[in-house]
There are 2 protein chains.
Amino acid sequence: MDLADTKTKILDSAEKLFAAKGFAATSLRNITSEANVNLAAINYHFDSKDKLIYEVFARRMIPINKERIRLLDEIEAKNVDQPPHPKEIVRALVAPLLRAANNPDLYLGDILLRLFARLHIESEEKMREMFKGLMGAVIQRFIQAFRKSLPDLEEADFFWRVYFMIGVMAHSVDTQKLNLISHGCCDTSDVEGIIDRMVNFITPGLTAPATKKE
Amino acid sequence: MDLADTKTKILDSAEKLFAAKGFAATSLRNITSEANVNLAAINYHFDSKDKLIYEVFARRMIPINKERIRLLDEIEAKNVDQPPHPKEIVRALVAPLLRAANNPDLYLGDILLRLFARLHIESEEKMREMFKGLMGAVIQRFIQAFRKSLPDLEEADFFWRVYFMIGVMAHSVDTQKLNLISHGCCDTSDVEGIIDRMVNFITPGLTAPATKKE
DNA sequence: GTCTATAGGGGGATAGAC
DNA sequence: GTCTATCCCCCTATAGAC
């Protein structure tokens with residue numbers, strides 16, 4: 001594990017600490033002492049703390065988004081005549097994210113997932129820009145796919161439901177708080193099971209009858 | 001607006017800045033200059049930054065949770081012989097939170113709501129303790145109510161679905177990011193409409209058939 | 001209760017030796 | 001590429017005058 005080069009050690013430690021404490025609360029000194037490297041190495045390899053934050057995200061986000069697009073391409077290739085069922089699109093969106101947590105090559109556990117959850121909640125301008133750059137294209141592809149598979153939904157209803165779906169996904173990548181309420185009866189290590197449950201929760205909400213004024 | 005006393009001015013400014021930038025990134029100097037009060041006033045009135053954070057939350061959370069319990073009591077009083085429909089319980093849980101944003105006595109808009117979203121994502125120990133103290137009893141009450149109204153659901157399925165529901169609620173209190181994808185077609189000021197849409201999204205997921213191994 | 005002043009520490013970033 | 005040393009800033013908290 002100490003065979004990694006300095007740049008990788010910094011990324012690994014920064015990822016872990018950002019996920020645990022947040023960006024502002026994690027100092028460059030925290031990171032370098034955790035990584036057993038020199039303080040100046042961060043500025044040498046990454047120029048600034050902001051650019052380090054970006055690199056930490058990009059390293060994980062890019063492969064996940066590639067896999068999402070690959071799965072969506074596959075689904076659309078199978079359904080050339082009619083739009084695919086929303087359930088399949090939901091699965092293509094959430095599965096690569098949840099699976100990334102249990103990739104044995106990463107050894108990340110909940111760390112990666114809390115990092116994404118935190119990004120969703122950050123409101124600083126730089127975070128917004130970063131998010132747009134890393135996620136914009138994928139979001140647009142999936143919105144188009146969902147729109148075609150839910151053609152009868154009124155536009156406002158459609159976007160609200162997509163937004164609620166993103167909420168489920170963003171919040172549930174961190175499964176720690178679930179243990180606080182479930183006294184350990186939920187197996188948080190069974191990723192494929194979590195994916196199934198999440199798809200089965202989201203799909204009926206997406207495909208429900210239109211919301212009427214009550 | 002400048003008629004408020006020092007303590008209230010500090011709470012108002014702290015709430016606004018915590019929501020916008022997070023706890024760690026908001027300094028006591030930011031708060032006192034926004035509030036037009038002296039730096040030392042924070043330590044005089046609140047002792048420390050941590051206790052200020054707690055007070056900011058408690059001021060909003062306590063009335064919201066009281067209203068949630070009141071609505072749940074009301075629902076259960078109407079349904080003494082059979083458990084209420086999950087839909088009614090969902091509404092009792094989400095409506096007070098979403099309505100708090102548009103309370104004209106508070107003039108908070110999205111600020112209050114982003115604050116709650118951020119609390120959900122904070123992982124520091126002190127936040128966990130605070131959350132437990134302010135939310136523990138309410139969560140237990142609602143879990144019991146949901147359990148009775150969903151008696152056929154396997155236990156793990158039940159808790160996962162409750163967790164997904166919390167995700168929708170926590171994420172969707174900040175409606176800013178919705179505008180990024182919906183090009184303004186969603187009316188984020190119509191609180192009762194948002195509540196209806198959210199209840200209609202969550203309920204089918206809660207009441208769906210059990211998740212089977214696929 | 002509110003102020004000024006300051007203690008005492010930690011932060012990001014960089015210069016320059018090796 | 002990696003180190004030490006340091007600049008200069010902002011931070012929380014408190015002491016003590018008013």
Side-chain angles (χ1 to χ4, degrees), chain A residues 1-59 115 118-119 122-127 129-130, chain B residues 1-59 115 118-119 122-127 129-130:
Chain A
M1 211 52 199
D2 252 28
L3 304 172
D5 65 12
T6 299
K7 198 168 175 179
T8 303
K9 285 199 283 186
I10 291 171
L11 284 171
D12 290 342
S13 299
E15 179 171 74
K16 183 173 164 185
L17 291 169
F18 286 153
K21 309 202 297 175
F23 304 127
T26 301
S27 69
L28 299 188
R29 286 168 170 83
N30 292 156
I31 295 166
T32 52
S33 80
E34 164 86 25
N36 280 312
V37 302
N38 187 271
L39 172 60
I42 289 188
N43 285 79
Y44 176 78
H45 286 287
F46 298 95
D47 286 344
S48 69
K49 187 179 181 178
D50 280 0
K51 285 183 187 157
L52 171 61
I53 293 174
Y54 178 83
E55 294 294 334
V56 166
F57 275 119
R59 181 170 68 143
L115 201 59
R118 189 175 290 276
L119 178 63
E122 288 290 333
S123 53
E124 293 163 60
E125 196 54 41
K126 62 183 173 198
M127 289 300 117
E129 287 302 311
M130 187 189 308
Chain B
M1 208 51 199
D2 253 26
L3 303 172
D5 64 12
T6 300
K7 198 168 174 177
T8 304
K9 284 200 284 186
I10 291 171
L11 283 172
D12 289 343
S13 299
E15 179 170 75
K16 184 171 162 185
L17 291 169
F18 285 152
K21 309 201 298 173
F23 305 125
T26 301
S27 69
L28 300 187
R29 283 159 216 277
N30 292 155
I31 295 166
T32 52
S33 81
E34 164 86 24
N36 279 313
V37 301
N38 186 272
L39 172 60
I42 290 187
N43 285 81
Y44 176 77
H45 287 286
F46 298 94
D47 286 343
S48 69
K49 187 179 180 179
D50 279 359
K51 286 183 186 157
L52 170 61
I53 292 175
Y54 178 83
E55 294 294 334
V56 166
F57 274 119
R59 180 169 70 142
L115 199 57
R118 190 173 289 276
L119 178 63
E122 288 288 333
S123 52
E124 293 165 61
E125 197 54 43
K126 63 185 176 199
M127 289 300 118
E129 288 303 310
M130 186 190 308

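A, B, ... follow the sequence lines: proteins, then strands. Residue 1 opens every chain.
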Audit row: L39(A), I31(A), side-chain contact (heavy atoms from CB on, under 4.5 Å) steps and yes/no: CA-CA 8 Å; L39(A) 172 60; I31(A) 295 166; over 6 Å; no

Closest non-hydrogen atom pair, K9(A) against N36(A):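 Residues K9(A) and N36(A), closest heavy atoms: NZ-O, 4.3 Å.
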
Student check: side-chain heavy atoms of E15(B) and R59(B) closer than 4.5 Å: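 The answer is yes, as the side chains (C-beta and beyond) meet within the 4.5 Å cut-off.
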
Flag side-chain contact, heavy atom, 4.5 Å: L28(A) against N43(A):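 L28(A) reaches N43(A) side chain to side chain.
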
Start and end of chain B contact along DNA chain C [non-hydrogen atoms, under 4.0 Å]: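 Span of nucleotides near chain B: dG1(C) to dT4(C).
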
Between P of dT14(D) and CD1 of I42(B), the distance in whole Å: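 Roughly 13 Å, once rounded to whole Å.
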
Residue list, salt bridge (Lys or Arg N to Asp or Glu O under 4.0 Å) with K51(B), at least two apart or on another chain: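 Result, salt bridge (Lys or Arg N to Asp or Glu O under 4.0 Å) vs K51(B): D47(B).
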
Using the 3.5 Å cut-off, write out each protein N or O paired with an N or O of nucleotides 5-10 of chain D and the distance between them.
none

Residue met sooner reading DNA chain C from 5', once T26(A) and V37(B) are mapped to nucleotides: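 This one resolves to V37(B).
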
Selection residues 25-34 of chain A - residue pairs positive for side chain to side chain donor-acceptor pair (under 3.5 Å), sequence neighbours left out: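 Side chain to side chain donor-acceptor pair (under 3.5 Å) check on residues 25-34 of chain A returns K16(A)-E34(A), K21(A)-N30(A), S27(A)-N30(A).
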
Stacked cation flag K7(A) on F46(A), 6.0 angstrom / 45 deg: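 That pair qualifies as a cation-pi contact.
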
For A58(A), all residues meeting side-chain contact (heavy atoms from CB on, under 4.5 Å), sequence neighbours excluded: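 Here the qualifying residues are Y54(A), I62(A), L134(A).
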
